[in-house]
Amino acid sequence: MKSVTATILVLLLASASAFAPTLFGVANPSSTVCFAKHVQKKAAKWAAHKRPKKSRPSDIHRKPIVYELHSMEKPPEYTITDAPAVLPPKPEKVATISSTSPYTVTEE
C-alpha cells in the first residue's frame, strides 16, 4: 500500500512542477523553444524556384527579341510642333430618356 501511495505522490509532484512558476526568470532547459532547422524560402524566391528549368540548348542560349522602333507608327496627335497648343471644344451633353425603361436617363 505504501508503494502505491508513494507512486501517486511522485506523479502528482511531477505534474504539479509543470505548472509551477520559474524562479528568477530561469526556465527549465526542456521548455525552451525549438528553432527551425532550415530557413524556408519566401514567396517570390519560392515561386522562382518552382519555375521550369531551361534544359534544352535552344532555351538556354535564347537571346531576347529586339524590336525595331522604326516599325511603330505614332498617331498624329503625338507629333511635336512649334504652334501653340489648341484645345478641342468639349462636346455638348444632351440628356435623353431611354426607351427600355422610363426611369433611365442616358447622356450622349
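With a 6.0 Å radius and a threshold of 12 heavy atoms from other residues, nucleotides or ligands, K53 has its NZ atom above the threshold.
Legend: residues meeting side-chain hydrogen bond (donor to acceptor under 3.5 Å, both in side chains) with R56, ordered by chain and number and at least two apart, are D59. Every residue two or more places apart in sequence or in another chain that forms a side-chain hydrogen bond (donor to acceptor under 3.5 Å, both in side chains) with K41 is listed here: H49.
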List the atom pairs, with distances to 0.1 Å, where a side-chain N or O of residues 1-8 and a protein N or O form a donor-acceptor pair under 3.5 Å, not counting sequence neighbours.
residue : atom : partner : partner atom : Å
T5      : OG1  : M1      : O            : 3.0
T7      : OG1  : S3      : O            : 2.6

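Between atom NZ of residue K42 and atom CD of residue Q40 there is a gap of 11.0 Å, rounded to the nearest 0.5 Å.
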